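Okay, structure first, notes after.
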Amino acid sequence: MKRCLNLVFMKKDIISILRITLTSLGISPDQHIEIEIPREQTFGDISTPVAMGMAKGLKKPPKNIAEEIVASIKDKTIFETIAVAGPGFINFTFTKEYLYASLQRICEQGKAVLRENIGNGMRVLVEYVSANPTGPLHIGHARGAAVGNALCNLLEESGFRVEREYYINDAGRQITLLGASVHARYQQLLGITAEFPDEGYRGQYIDDEAAALLRQAQEKYKNLPFHECEHEITEWSYKRMLDLIKEDISTFDIQNFSSWISEKKLYENRAVSQAIQTLKHNGYIYEKDGAVWFRSSEFEDDKDRVVIKSDGEYTYFASDIAYHKAKLDRKFDIIIDIWGADHHGYIPRINSVMKAFGYDISHFRIILVQMVSLLKHGIPFQMSKRAGTFITLSEVVNLVGADNAKFIFLTRKSDSHLEFDIDVISSQSADNPVYYVQYAHARINSIFEHAHKKGIRVHDTSEHDLSLLSAKEELDLIKKLLVYPLILEGAARAFEPHRITFYLQELARMFHSYYHKYKVITDQKELSAARLALCYATKIILIDALSILGVTAPDKM
RNA sequence: GCGCCUGUAGCUCAGUGGAUUAGAGCAUCGGCCUCCGGAGCCGAGGGUCGGAGGUUCGAAUCCUCUCAGGCGCGCCA
């Protein structure tokens with residue numbers, strides 16, 4: 001095809017054309033140009049509201065501006081039509097030649113052409129999961145893990161430098177309770193009537209730990225009151241819990257964390273006392289009723305919060321202040337906390353902490369992951385960690401599979417409630433959208449095998465005549481592929497990986513439908529080769545998107 | 001009582017920086033296997049977008065009120 005400008009890939013091409021046009025109209029080339037995917041096909045393949053954004057500044061009706069822009073576009077080689085619509089949108093459709101050229105680019109360059117570098121090397125810290133090391137991860141943590149992992153992958157692929165962090169609450173009462181629970185069960189195993197702590201952990205795993213302790217330590221702690229062996233048993237138990245958590249994470253098959261931050265270390269390094277000193281220095285700390293308070297009501301909170309209790313002990317909040325200060329000190333460009341929604345009441349005080357340290361809060365984002373309501377046989381199943389009635393992450397993986405669970409978790413936006421029915425999801429049926437998507441990939445693979453047997457080569461698109469792809473379904477499929485980078489970009493900017501999941505289902509649907517209507521491999525070699533190229537590009541994007549979600553793309557199913 | 005989240009088709013959920021007839025999957029009903037994988041495809045029915053006001057040329061989308069569900073409101077972690 002004739003090229004009047006240096007074609008790159010869809011969005012960049014359009015922006016560059018629009019920029020040239022705006023400059024020719026004497027409008028600053030800095031003008032932000034937004035490109036969007038129209039809701040309806042009749043609005044074109046792609047559209048821009050840029051004229052509407054400029055209306056105020058230029059004091060002209062957006063529709064007129066849009067018309068001026070359209071009239072001034074010199075390079076129309078890639079557009080079949082350009083139209084002004086509605087209040088001032090400019091809608092474009094692409095020429096077939098442009099679609100073929102883009103398809104070829106995907107086949108030849110793959111990933112390289114699908115990425116928008118929006119991060120530009122900025123450093124992002126994402127903290128997620130951070131479950132207390134007092135038991136195995138459960139299904140709620142699994143959702144946080146899936147979302148956090150996918151978000152990190154997405155940001156990495158969008159040009160950010162990402163640190164994945166897990167904050168370990170290894171100090172304080174919960175950990176002591178873990179130790180006390182194990183201690184009590186251990187004594188009971190030795191036939192001693194030991195009182196079980198009121199708020200202790202009652203799960204089966206505690207019994208297992210006690211048995212393990214007995215095997216390892218024999219009768220070393222027999223009849224010893226807890227306070228005499230508290231440190232040893234607690235330390236031993238919590239370390240094993242942490243190992244268990246790490247094992248769960250690896251079972252779930254997500255990226256490992258790049259850093260594990262220990263709450264206890266924050267105390268040992270005096271980071272907690274220093275952080276409070278800093279706040280005191282800034283005038284946000286005062287004493288009242290024998291306790292030490294943080295003046296969070298100066299900022300976003302409705303009341304001040306205690307950091308040191310009247311008995312001299314730090315509160316949990318104190319170490320969280322130190323932890324967030326440590327995050328700030330490490331100089332990230334963006335800091336993201338992913339929390340279970342049950343902690344949402346905590347947001348104002350942490351925001352207040354960030355502000356008190358002088359941080360621009362617009363670079364800090366707390367993402368809430370809503371509760372998972374678990375159903376078994378269609379009946380709600382109440383989980384309680386203390387009572388020991390909960391479904392663990394590893395059970396979920398055994399029952400439904402890691403890919404399946406991750407995909408389900410990512411088919412909802414993170415702050416909407418999620419119903420997770422073990423029976424429905426473990427059935428290998430169309431209830432599980434992940435199979436639908438993976439099936440498209442496996443199917444393409446099997447087409448390739450078939451082609452291979454027939455001696456048709458798949459990848460060398462440059463040799464083929466892609467213009468043989470003239471069916472509407474083929475052109476639509478190419479357009480769907482073209483739009484993928486925009487989906488990624490939108491998902492990354494909004495921190496919403498679930499958008500990729502929806503795109504994938506749509507793409508898979510288009511592919512399955514196409515597959516049924518047209519035969520890829522026929523007696524016409526050239527046509528077959530062109531269709532194989534289309535399959536190949538589809539496969540590239542399926543794999544790419546699935547891998548960002550942390551889901552595998554099996555060749556066979 | 002206060003705060004946050006949610007309320008869209010029978011069910012589970014997208015869509016919420018305002019563009020015309022509101023989308024998908026499941027379920028229901030009806031079709032498609034001499035043919036590259038039927039975990040698939042094609043088609044049909046099904047919604048006053050919880051309710052009421054308001055802003056607007058135009059609202060599922062923005063504002064106010066209201067109802068329902070969930071979760072939080074400790075010198076617990």
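Chain letters run A, B, ... following the sequence lines, proteins first and then strands; every chain starts at 1. Just so it is clear, the model here is predicted, and its values are computed rather than measured.
Within the nucleic acid shown, A:Ala442 comes within 4.0 Å of at least one base atom, counting heavy atoms only. Counting any heavy atom pair closer than 4.0 Å across all strands shown, A:Phe420 reaches no nucleic acid atom. Base engagement by A:Lys556 is indicated by at least one non-hydrogen atom pair under 4.0 Å involving a base atom. Heavy atoms of A:Ser414 sit nowhere under 4.0 angstrom from any nucleic acid atom. Among the heavy atoms of the strands, none lies under 4.0 Å from A:Ile175. At the heavy-atom level, A:Glu34 lies under 4.0 Å from base atoms of the strands shown. Within the 4.0 angstrom heavy-atom criterion, only backbone atoms of the sugar-phosphate kind lie near A:Ala171; the bases stay farther away. Using a 4.0 Å heavy-atom criterion, one finds that A:Ser446 contacts the bases of the nucleic acid, with or without backbone contacts as well.
For A:Val306, counting side-chain heavy atoms from C-beta on, the closest listed nucleotide (B:C75, B:C41, B:G17) is B:C75. The listed nucleotides are B:U6, B:C75, B:G38; the one nearest the side chain of A:Asp289 is B:C75. Relative to the side chain of A:Thr315, the nucleotides B:G37, B:A77, B:C36 differ in distance, and B:A77 lies closest. The side chain of A:Ala85 approaches B:A19 more closely than any other nucleotide in the set B:A19, B:A14, B:C75. Minimum atom distance to the side chain of A:Tyr436 is reached by B:C41, of the listed B:C41, B:A77, B:C13. Distances were taken from every side-chain heavy atom of A:His417 (C-beta onward) to each of B:C71, B:G69, B:A77; the shortest belongs to B:G69. The A:Asp342 side chain lies nearest to B:C71 when the options are B:U6, B:C71, B:A77. Checked against B:C75, B:C13, B:C36, the side chain of A:Glu419 finds its nearest nucleotide in B:C13. Residue A:Phe502 has its side chain nearest to B:A14 when only B:A14, B:C75, B:C5 are considered. When the nucleotides B:A39, B:G74, B:G69 are ranked by their closest atom to the side chain of A:Arg305, B:G74 comes out on top.
Put simply, A:His498 has a side-chain N or O that comes within less than 4.0 Å of OP1 or OP2 on B:G15. At the phosphate of B:G25, OP1 or OP2 sits under 4.0 Å from a side-chain N or O atom of A:Arg509. Checking the phosphate oxygens (OP1, OP2) of B:G74, a side-chain nitrogen or oxygen of A:Lys303 falls inside 4.0 Å. At B:C5, none of the side-chain N or O atoms of A:Lys413 fall inside 4.0 Å of OP1 or OP2 (strictly under the cut-off). OP1 and OP2 of B:G37 both lie 4.0 Å or more from every side-chain N or O belonging to A:Lys519. The phosphate of B:G70 has neither OP1 nor OP2 within less than 4.0 Å of any side-chain N or O from A:Ser373. Note on A:Arg443: a side-chain N or O is less than 4.0 Å away from OP1 or OP2 of B:G38.
A:Tyr167 has its ring centre less than 6.0 Å from the ring centre of A:Tyr323. Ring-centre distance between A:Phe409 and A:Phe420: below the 6.0 Å cut-off. Here the two rings, on A:Tyr284 and A:Phe299, have centers that are under 6.0 Å apart.
Remark: A:Lys264 NZ is packed, more than 12 non-hydrogen atoms of other residues, nucleotides or ligands lying under 6.0 Å away. Within a 6.0 Å sphere centred on CD of A:Glu36, heavy atoms belonging to other residues, nucleotides or ligands number more than 12.
Here B:C75 presents its P atom at 10 Å from NZ of A:Lys288, a figure rounded to the nearest Å. Per the geometry, CD belonging to A:Gln370 stands 10 Å off P belonging to B:C5, to the nearest Å. Rounding to whole angstrom units, CZ of residue A:Phe407 and C1' of B:A24 are separated by 12 Å. Following rounding to the nearest Å, A:Leu368 (CG) and B:U6 (C1') show an atom-to-atom distance of 13 Å. A:His516 places its NE2 atom 13 Å from the P atom of B:G43, with the value rounded to the nearest Å. Distance A:Met557 CE to B:G38 P: 13 Å, rounded to the nearest Å. Atom NE2 in A:His441 sits about 20 Å away from atom P in B:C36, given to the nearest Å. Taking atom NE2 on A:His512 and atom P on B:C32, their separation rounds to 21 Å, with Å as the unit.
The base-pairing partner of B:G45, taking Watson-Crick or G-U wobble contacts with both distances under 3.5 Å, does not exist among the strands shown. In this structure B:A68 sits in a base pair with B:U6, meeting the Watson-Crick or G-U test at under 3.5 Å. Searching all strands for a Watson-Crick or G-U wobble partner of B:C73 with both distances below 3.5 Å returns B:G1. In this entry B:U21 has no Watson-Crick or G-U wobble partner, no candidate having both defining distances under 3.5 Å. Partner assigned to B:G53 is B:C63, using Watson-Crick or G-U wobble distances below 3.5 angstrom.
Using atom P as the reference point in both B:U55 and B:U64, the two lie 15 Å apart (nearest Å). Comparing the P positions of B:A39 and B:C33 gives a spacing of 16 Å, expressed to the nearest Å. Atom P of B:C13 sits at a distance of 13 Å from the matching atom of B:U6, rounded to the whole Å. B:G50 and B:U12 have their P atoms separated by 14 Å, with the value rounded to a whole Å. B:U28 and B:A9: their C1' atoms are spaced 12 Å apart (whole Å). Comparing the P positions of B:C63 and B:G7 gives an interatomic distance of 14 Å, to the nearest angstrom.
The ring of A:Tyr439 does not lie on top of the base of B:G40; it is either too far (5.5 Å or more) or too tilted (30° or more).
A:Ser319 places none of its side-chain heavy atoms less than 4.5 Å from the side chain of A:Tyr314.
The residue among A:Trp293 and A:Thr411 whose nearest nucleotide of RNA chain B lies closer to the 5′ end is A:Thr411. Two residues, A:Asp555 and A:Gly172, neighbour RNA chain B, and the one matched to the more 5' nucleotide by heavy-atom proximity is A:Asp555.
By the 30° and 60° cut-offs, the orientation of the rings of A:Tyr316 relative to A:Tyr346 is tilted. Relative ring orientation between A:Phe511 and A:Tyr515 is described as tilted, the plane-to-plane angle lying within the 30° to 60° band.
Residue A:His344 places a side-chain atom within donor-acceptor reach of the base of B:G3, judged by atom type and a 3.5 Å distance cut-off alone. For a distance-only test at 3.5 Å, the side chain of A:Ser310 qualifies as a donor-acceptor partner of the base of B:C75.
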Side chain to side chain contact (heavy atoms under 4.5 Å, CB included) between A:Tyr128 and A:Val147, worked out:
CA-CA 9 Å; A:Tyr128 54 106; A:Val147 170; over 6 Å; no
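B:C33 has its base syn relative to the sugar, with a glycosidic angle deviating from 0 by at most 90°.
Checking A:Asn445 against A:Lys539 by side-chain atom types alone, a donor-acceptor pair falls below 3.5 Å.
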